[in-house]
S.K.: 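Next up is a structure, given as C-alpha cells.
Proteins come first, then strands; the chains are lettered A, B, ... in the order of their sequence lines, and each starts at number 1. Every value quoted in this text rests on a predicted model; they were computed, and no experiment measured them.
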Amino acid sequence: MRPHVLLLLILVPALASGQTIDVGSKRFTESYILGEILTQTLQEAGEARVTHQQGLGNTAIVFAALKAGSIDLYAEYTGTIAFELLNRKAPADLPSLERELAGHGLGVAIPLGFSNTYAIAMPEKRAAELGIVRISDLARHPGLRFGLSQEFLNRKDGWRALKAAYGLSHDVRGLDHGLAYEALAAQQVDVIDVYSTDAKITRYSVRQLEDDRAFFPPYEALVFHRLDFPRRYPRSWAALSTLEGRIDARTMARMNAEVELSGRSFSDVARGFVGSARAAGTPAATPEASSFLGVLFGPDLWRLTLEHLGLVLASLVPAIVIGVPLGTWAAHSPRASHWIMAIVGLVQTVPALALLAFLITLMGTIGAAPAVVALFVYALLPIVRNTASGIMDLPLPLRESAQALGLPRRARLVRIELPLASRSIVAGAKTSAVIGVGTATIAAFIGAGGYGERIVAGLAVNDTAMLLAGAIPAAALALIVQWGFDALERLVVPAGLRLPQES
Amino acid sequence: MISLENVSKAYGARLALQPATIGFSRGRTTVLIGPSGCGKSTLLRMIVGLVRPDTGRVVVGGETLTAANLERVRHAAGYMIQDGGLFPHLTARDNVTLLARHLRKSAAFIDERVRELSTLAGIPADALTRYPQQLSGGQRQRVGLMRALMLDPPLLLLDEPLGALDPVTRYELQNELKSIFARLAKTVVMVTHDMGEAAYFADELVLMREGRVVQRGALDDFTERPADAYVGDFMRAQRAPTVQIP
C-alpha cells in the first residue's frame with residue numbers, strides 16, 4: 001500500500017468504515033450529473049446513508065480517493081481506466097479490465113449505455129445532401145473544411161492518426177471547442193470534432209459520423225467501485241444494477257444541456273432522470289445553498305481539521321528534523337551556507353501549484369504524499385534560516401568562552417549554541433507552521449483533504465458560504481497553532497533566556 | 001610554561017600581529033598592555049587556539065598546540081573575559097560546573113570544588129542558583145573566575161577581566177584577585193589597557209603597539225629606561241591618577 005494511502009486511512013478513519021456510502025464525481029458537468037444519479041438511486045435503496053462528494057478533482061484524484069476508500073464508487077469511462085489509470089496502450093474489454101482491477105481491490109460494472117468519446121460531426125442537413133454517414137465517406141469530399149480543437153489536433157491519437165487511418169487529406173483549422181458548434185452553424189467550417197455527449201449536440205442539428213474503422217477507442221460510462229461494495233451493500237448494488245443500459249448518448253447529452261444551457265441544478269436534472277417518488281424527508285446529498293453556519297459546523301469539520309493538522313504536522317516535523325541540522329551546518333560553514341541558503345531560498349519561490357504539479361509527476365501519485373513534500377519544502381526556509389542566524393548571531397565572547405572552556409564541538413553545539421539559539425529556532429518553526437496551515441489549503445487541489453476541500457468545492461460550484469466555511473477554520477487554526485508555539489516556547493527556551501530584561 | 005615562536009596574524013591586509021617570539025614563565029603574572037588594536041588580545045587568544053597564527057607555533061607546557069591536543073590544553077587553562085563571558089541560559093552554578101560535568105567528574109568532586117571556589121571568590125551559595133542576568137557585574141566576574149578555576153588549571157588567561165566594573169567594585173576585585181594569584185601560584189597572563197591595573201598585578205609588563213612588542217620588563221624599566229619615545233608618552237598618559245594604588 002502506498003504511503004499516502006496509509007496516511008489517508010489514518011486520517012480518515014470515519015470514512016474507511018461505517019454505514020455511509022460515499023459517491024464521488026469529477027469536476028465536469030457530466031460527472032456531477034452521473035454522481036447525482038448514482039447517489040439518488042442509492043438513497044432510494046435506503047440501505048445506508050449516502051453522501052455525494054461532488055467534484056473531488058480530476059481523474060487521478062478521484063481514483064486515489066476510490067483506492068483509499070474515501071469514496072465507494074463513481075462513474076468512470078472504460079477508455080480512461082485503460083489508458084490513464086492502467087497505462088495500457090490499447091483499449092481493453094470489460095473482462096480484462098475487471099481482472100486487472102481486481103488486484104487493486106476495485107471493480108467495474110453496470111455499463112450505463114453510452115460512450116463519451118471523440119466523434120466527428122457535420123451539420124445534419126449538409127451530411128444528408130452529400131450522403132455522408134461514415135467517416136470513411138469524408139475521403140470522397142476533399143473540399144470539406146475541418147475545424148478541429150487544439151487538443152484533438154495535437155494529441156498523438158488525434159487528427160494525425162485519424163487522417164492516416166481514414167486516408168483523409170483535408171484542410172484543417174484549429175478552433176476553440178467552445179466555439180465549434182457556432183462555427184459549424186455559421187458555415188465557417190463543415191466538419192468538427194465533438195464529444196459524443198456534448199450538451200450542444202442537442203441544440204444544433206448535427207450528425208455524428210459512424211466510426212466504421214473503429215478508430216476511436218470506446219469510452220463507455222460505467223460504475224467504478226470498490227470490489228467489496230456489492231457484498232457490503234447488496235440492496236444498494238441491486239438498485240444500481242437497474243441503471244445498466246438506461247442512459248444512451250442522446251439522453252446524456254440532453255441532461256448535460258439541461259445543466260449547461262438551461263441552468264438547472266445537477267441534483268434536479270438527476271432527480272428528473274431517476275424520476276421517482278422518493279420520500280420527501282430524505283436529506284439532500286450535498287447542501288447546495290445551505291446556511292453558512294450549517295456548512296461551517298458540518299459533519300466533516302472534525303475530519304477536515306484532523307487532515308489539515310495531519311498535513312501540517314507531517315511536513316513540519318521532518319522540516320524541523322532536517323532544517324535544524326542544515327541551519328547548524330550553514331552556521332558553521334560559510335561555503336555550505338552559500339549553497340544551502342541558495343537552494344532552500346530558491347525552492348521557496350516556486351509557486352505552490354507548480355511545485356505540486358512537479359511533485360505529482362516526480363512521485364507518480366497524488367494526494368497527501370506530494371502535498372506533504374511540498375509543505376515540507378516550504379517549511380524548510382524559515383527553520384534553516386532562523387537556526388543559522390540564531391547560531392551565527394551568538395555574541396562572539398560567548399562563542400569563544402565555550403571554545404576556550406575546552407568543550408568539543410558537539411558539546412558546544414548541544415549545550416551552548418542550540419539552547420542559546422532556541423528562541424530563534426522556535427520562532428522559525430512557528431513561522432513555518434503558520435504558513436503551512438495557510439498553504440495546506442492548496443493541497444485539496446490534489447486530493448489531500450483538509451479545509452481546502454471546502455474552498456475548492458466552494459470555488460467549483462461558486463458557493464461563497466462553502467468557501468468561507470473552509471477559509472475561516474484555516475485562519476482560526478493558524479491562530480491556534482501560533483498560540484501553541486507560544487506555549488511550546490516556554491518549554492523549549494531555557495528559563496535563563498526568558499527573564500525580564502533589566503533596564 | 002608557554003612560548004609563542006615567530007607567530008604572526010593578519011586579518012586581510014591588516015597585520016594584527018607582527019612576527020614575534022615571546023615566552024611566559026611558570027608561576028609569574030605577565031600583563032600585556034597597549035592601546036586598543038595593538039595585538040595584545042590576539043596574542044592571548046593564540047595561547048588557547050581561539051586565534052590560529054599564520055606563521056610560527058604555540059608551545060604550551062612543552063607541547064606544540066595542534067588540533068589534536070587543543071582541548072587538553074584548554075582544560076589546563078582557565079580563560080576569563082570582560083563581564084565573565086557567562087552563558088545566559090545556565091545558572092551561575094551550571095556555568096561553573098559545565099566543563100566538569102561534561103568530563104563526567106563525580107558529583108562529590110564537583111560539590112566540594114564549588115564550595116571551595118565560592119569561598120575563594122566570595123560568592124554566597126544562593127547567588128549560585130541565579131542566572132547571570134540576575135547577578136551584579138562584580139558577581140558575574142567572580143562567577144567567571146570560579147569557572148576558570150574549576151579544574152584547578154596551572155594557567156590563567158584573563159582578557160580585560162575587570163573592564164566592565166564600576167571603580168569601587170573594580171578596586172575591591174583587584175585586591176582579591178591579586179591575593180588569589182599569590183596564593184594559588186598560577187601562571188597568569190592578563191590583558192588590560194589600564195596602566196595602573198597592569199602595574200598593580202604585573203611581575204612583568206609587555207607593552208605592545210601596532211602588532212609589535214615595544215618593551216618588556218619590570219615597571220621600573222618602563223619608567224626609568226623607556227625603549228623609545230612612545231613608551232615614555234604611554235607611561236605619562238597613563239600614570240597620573242591611577243598608579244597611586246599600590
S.K.: What part of B:Leu86 is in contact with chain A, defined as an atom under 4.5 angstrom from a non-hydrogen atom: side chain, backbone, both or neither?
M.R.: backbone
S.K.: Please determine if B:Arg74 and B:Glu71 form a salt bridge, counting it only when a charged side-chain N lies under 4.0 Å from a carboxylate O.
M.R.: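 Salt bridge flag = no for B:Glu71 with B:Arg74.
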S.K.: Output the option from A:Ala411, A:Ser422, A:Ala495 having the highest count of non-hydrogen pairs under 4.5 Å with chain B.
M.R.: A:Ala495
S.K.: Only pairs of heavy atoms separated by less than 4.5 Å count here; which of B:Leu151, B:Leu157, B:Val48, B:Ile81 has the most with chain A?
M.R.: B:Ile81
S.K.: Among A:Ala402, A:Pro494, A:Ala404, A:Pro395, who wins on heavy-atom pairs under 4.5 Å with chain B?
M.R.: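 Among A:Ala402, A:Pro494, A:Ala404, A:Pro395, the one with the most close pairs to chain B is A:Ala404.
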S.K.: Measure B:Arg130 against the heavy atoms of chain A and call it side chain, backbone, both or neither at under 4.5 Å.
M.R.: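 Contact with chain A is absent: no heavy atom of B:Arg130 under 4.5 Å.
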S.K.: With a 4.5 angstrom heavy-atom cut-off, which part of A:Arg423 approaches chain B: side chain, backbone, both or neither?
M.R.: neither
S.K.: For A:Arg498, is there an ion pair with A:Glu489 - N to carboxylate O distance below 4.0 angstrom?
M.R.: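 Salt bridge between A:Glu489 and A:Arg498, a charged N being under 4.0 Å from a carboxylate O: no.
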S.K.: For B:Arg101 and B:Thr97, which I'm curious about, is there any donor-acceptor pair between the side chains at under 3.5 Å?
M.R.: yes
S.K.: Decide, yes or no, whether a salt bridge links B:Arg170 with B:Asp194 under the criterion of side-chain N to carboxylate O below 4.0 Å.
M.R.: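 Looking at B:Arg170 and B:Asp194, the cut-off is met.
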S.K.: Can a salt bridge be assigned to the pair A:Arg415 and B:Asp94 using a cut-off of 4.0 Å between side-chain N and carboxylate O?
M.R.: no
S.K.: Any ion pair linking B:Asp159 and B:Lys40 (charged N to carboxylate O, less than 4.0 Å)?
M.R.: no
S.K.: Please identify, among B:Arg147, B:Gln82, B:Arg45, the residue contributing the most non-hydrogen atom pairs under 4.5 Å to chain A.
M.R.: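 The answer is B:Arg45.
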